[in-house]
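Structure record follows, encoded as C-alpha cells.
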Amino acid sequence: MISTFVLDSQVDFVSFDGGVLARGQLAKPSQSALRELSDIEEKVLSGKKARITRGAGLSCAASNFGDGITTVDNSRFTEILEFDSESGLLEVQAGSTLAHIHNYLSEIGRYLVVQPDYPAITLGGCIAVDVHGKNQLKDGNFRHQVHSLKLFHPSRGIVSASRAINNDIFELTCGGYGLTGHIISAKLQTKALPSPLMALYRVPVDDILTMPELLVTAAEECDYAVSWHDFSARGAAFGRGFLLIGKFVSAQYDLRKASKSALPLYWPLDSHSRKGVDLALYSLPFNRLVNVLYGGCNRFNTEPALSAVKDCLFSDRKKRELYYKMFGRAGFHESELIVPAEQFSLFIKSIENWLDKNELAVTLASAKAFRGSQSLLRFEGEGVCFTLNFPRCAAGNSFMQYLDALILELGLTPYIVRDSRLPLSVVTHAYPHYDDFKGRLRQYDRERLYRSQLSNRLGL
Ligand SMILES: Cc1cc2nc3c(=O)[nH]c(=O)nc-3n(C[C@H](O)[C@H](O)[C@H](O)COP(=O)(O)OP(=O)(O)OC[C@H]3O[C@@H](n4cnc5c(N)ncnc54)[C@H](O)[C@@H]3O)c2cc1C
C-alpha cells in the first residue's frame, strides 16, 4: 500500500520545557500502513537536506526539531511486529509508545524492565536518548534491553544493527539523539512479569546526606527505588523527604486480572498542550504548602501499599499532567545530574546555600542510584542521579547558571535531553567522549543530514 504524507510547510515548534522555539516543517504520515521509510524520502524530503525524527515530542531539549529543519513525525508507526516466546524477544515499530508495549506484554505476563515513567513516550525516543527507568543501578539503561534495531538513512537504506552486526551504528544510535537516521523498529528483550502487583514502601528520610548509601542499598535489594525531597524547607529540615521502594510481591496472582486494566493509548500531554493554560502557579509559599502536605502524607504513611505494576512503572500520570501545566507558558527548567557519592554532601550544601539567598520554588527534588561508566554522549555514570525542577524565571535562569558552574567544579554529569539550554562548554567538559561521538557521527554521515536545534547547539 502506498502511503501519503501531509507536509506542513511552516510549523512553530516548542520544546517541552517551553525554553526553545523554532520554525521548521512537519512531515506527517496520514496512514499507518507505511512499511518502507523510503516513501518519506521520495515524497517529502527529496531535495531537502536537514531532517530529524520525532517520537512523542516529550523531551525538554529541542532534540526533535530546529529552525529550517523538517521534523518527520513517527507517531503513527505503532505496530507490534513479532513476539518470540522462546527468546522473549519482541519486535515493535519505533513509534509504539510504552503504553502500546505495556498493554501487549502484560497480556502475556511479560514486561520491559527499563522504562521511563510516562506511557506516551515512544520506543524511538527511548533508544535515541538511551533513557533510564526506576532502577538504573540494577537494570542499566534502555539500550541494555535492545537486542537489535532497523535504521533508515537515505544514503544507506535500511540497515540492521545490533551488538553482533554493524555494532558501530548500534552504539552511535543508542543515545545518538536521532542523528544517525530514522529508527524504524527494534527487537527488545522482555522479561517474565514476576507478579502483576508491587508492594510499595515509604521510608522517611530526615537527613538528605544519608541518601547515597540508602539509595544504593534500596536499589540493590528492590525492584525500584526513588526518593523525594523538600527543598522549600529551611534549616535542619532542608531536604527531608522519603524513599519510595517497590518490590514485586512473591504471592501468585492471576495474570489475567492484570491484563484487563490496559493503559489508555492516548495521553494529552505534549509540548503544546503543556503550555496551553497560562497558570504559572508556582510561587515559593505555594511550593512550601504543597511540599508540607505531599511530604507529610508520604513520610507518615509507612504502611506498605499494594499497587498494580502499571501504576508503579507509570506513577501519578494524571497529577503529572497538571503539575507540568501549572508552570504555564513561561515553562520550567529541568536539571538532572549524576553526582558522584563523594561530592554529594558538597552538592547539597551548595544548593542549600544558594536557595537560602535566593527566592526560587524548587518544585521537584528527587534522586535515584546510578551505576556504570559513561560512554559517547549517554547519560550514565556512578553516583546519585538528582533531578530538580523549577519555574523558568529570572531566579530559575540564574540557578541554572549556578548549576553549570557546579557541574564543572564538582565533576557532575548533566542529562543532555533534560536541559534545553545546556551550553556546549559544559557538555564538552562533562562528556569526555564528546569528540569521539562527533568524529564517529561525521564519519558515518559526511553530509550530516539528521540535525536538530540540540545538535546545532552542541556543534554536532
Ligand atoms: C513525564 C516525563 C517523564 C519522564 N521520565 C523519564 C525517566 O524516568 N527516565 C528518562 O531517562 N527520561 C525520562 N523522560 C524523558 C524522556 O524519556 C525522553 O526525553 C524521551 O526521549 C522522550 O521520548 P519521545 O518519544 O517523546 O521522543 P522525542 O522527544 O520526540 O525525541 C527524543 C529524541 O529521540 C529521537 N527519536 C524519536 N523517535 C525516533 C526514531 N524513530 N528514530 C530516530 N530517532 C528518534 C528524536 O530525534 C530526539 O532526538 C521523561 C519525560 C517526561 C515528559
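The first residue of the sequence shown is numbered 1, and numbering continues consecutively from there. Start at 1 and go down the list; that is how both ligands and their atoms are numbered.
- Between Arg421 and Asp419 there is a salt bridge, since a side-chain N of the basic residue sits under 4.0 Å from a carboxylate O of the acidic one.
- Remark: minimum distance from atom 16 (C) of ligand 1 to any protein heavy atom is reached at Ile121 CD1, 3.8 Å.
- Taking any N or O of Tyr118, backbone or side chain, none lies under 3.5 Å from an N or O belonging to ligand 1.
- Put simply, part of Arg418 is less than 4.0 Å from ligand 1, judged by heavy atoms.
- The side-chain heavy atoms of Arg274 and Val14, taken from C-beta on, include no pair separated by under 4.5 Å.
- Set against the non-hydrogen atoms of Ile183, the atoms of ligand 1 under 4.0 Å away are 40 (C), 41 (N), 42 (N), 43 (C).
- Heavy-atom proximity to Asn74, at under 4.0 Å, picks out these atoms of ligand 1: 41 (N).
- Ranking protein heavy atoms by distance to atom 22 (C) of ligand 1, first place goes to Ser59 OG, 3.7 Å.
- Set against the non-hydrogen atoms of Ser63, the atoms of ligand 1 under 4.0 Å away are 32 (C), 33 (C), 46 (C), 47 (O), 48 (C), 49 (O).
- The side-chain heavy atoms of Leu412 and Pro340, taken from C-beta on, include a pair separated by under 4.5 Å.
- Close approach of ligand 1 to Lys368 (heavy-atom distance below 4.0 Å) involves ligand atoms 8 (O).
- Residue, atom and distance of the protein heavy atom nearest to atom 40 (C) of ligand 1 are Thr53 CG2, 3.5 Å.
- Looking from atom 11 (O) of ligand 1 to the surrounding protein, the closest heavy atom is Tyr415 OH, 2.7 Å.
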(message) Evaluate Val20 against Phe13 for side-chain contact (heavy atoms from CB on, under 4.5 Å), listing each step before the verdict.
(response) CA-CA 8 Å; Val20 180; Phe13 293 94; over 6 Å; no
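- Counting only heavy atoms of the protein, atom 25 (O) of ligand 1 lies nearest to Thr122 OG1, 2.7 Å.
- Here the shortest heavy-atom distance to atom 37 (C) of ligand 1, taken over Ala186, Gly125, Pro116, Gly181, belongs to Gly125.
- Salt bridge annotation for Glu220-Arg371: present, with a cationic side-chain nitrogen under 4.0 angstrom from a carboxylate oxygen.
- Annotation for ligand 1: atoms under 4.0 Å from non-hydrogen atoms of Asn64 are 28 (P), 29 (O), 30 (O), 31 (O).
- With respect to atom 49 (O) of ligand 1, the closest heavy atom belonging to the protein is Tyr177 O, 2.9 Å.
- Checked by distance only, ligand 1 and Val131 stay at 3.5 Å or farther apart across all their nitrogen or oxygen atoms.
- Under the side chain to side chain donor-acceptor pair (under 3.5 Å) rule, His333 has a single partner from Asn389, Asp17, Asn397, which is Asn397.
- Of the protein's heavy atoms, Asp117 OD1, 3.0 Å lies nearest to atom 5 (N) of ligand 1.
- Interface of Arg54 with ligand 1, defined as ligand atoms under 4.0 Å from a residue heavy atom, comprises 30 (O).
- Listed by number with element, the atoms of ligand 1 under 4.0 angstrom from any heavy atom of Ile52 are 47 (O).
- Atom 36 (N) of ligand 1 has its nearest heavy-atom neighbour, among Ala61, Ala128, Ala94, in Ala128.
- Between Arg23 and Asp12 there is a salt bridge, since at least one side-chain N of the basic residue sits less than 4.0 Å from a carboxylate O of the acidic one.
- The shortest non-hydrogen separation linking Arg163 to Arg143 is NH2-O, 2.7 Å.
- Between Phe231 and Phe386, the ring centre distance stays below 6.0 Å.
- Contacts between Arg320 and ligand 1, counted as non-hydrogen atom pairs separated by less than 4.0 Å, involve the side chain only.
- Aromatic pair Phe437/Tyr177: ring centres not closer than 6.0 Å.
- Using a 4.5 Å cut-off on side-chain heavy atoms (C-beta onward), Cys312 and Lys310 make no contact.
- In this structure, atom 44 (N) of ligand 1 lies nearest to the protein heavy atom Gly178 CA, 3.4 Å.
- Between Lys187 and Asp84 there is no salt bridge, since no side-chain N of the basic residue sits under 4.0 Å from a carboxylate O of the acidic one.
- Classified by interplanar angle (parallel below 30°, tilted 30° to 60°, perpendicular above 60°), the ring pair Tyr415/Phe379 is parallel.
- Taking any N or O of His132, backbone or side chain, at least one lies under 3.5 Å from an N or O belonging to ligand 1.
- Ring centroids of His182 and Phe77 are separated by 6.0 Å or more, keeping the two rings apart.
- Ligand 1 places these atoms under 4.0 Å from at least one heavy atom of His182: 42 (N).
- A heavy-atom separation below 4.0 Å is found between Tyr324 and ligand 1.
- In this structure, Tyr323 and Phe327 have perpendicular ring planes: the angle between them is above 60°, well past the 30° mark.
- For Leu58, a nitrogen or oxygen atom sits less than 3.5 Å from a nitrogen or oxygen atom of ligand 1, counting backbone and side chain alike.
- In terms of polar-atom proximity, Gly133 is not counted as a contact of ligand 1, lacking any N or O under 3.5 Å from an N or O of the ligand.
- Looking at Asp445 and Arg451, no side-chain N of the basic residue comes within less than 4.0 Å of a carboxylate O on the acidic one, giving no salt bridge.
- Backbone and side-chain nitrogen or oxygen atoms of Ala56 are examined, and one is located within less than 3.5 angstrom of a nitrogen or oxygen of ligand 1.
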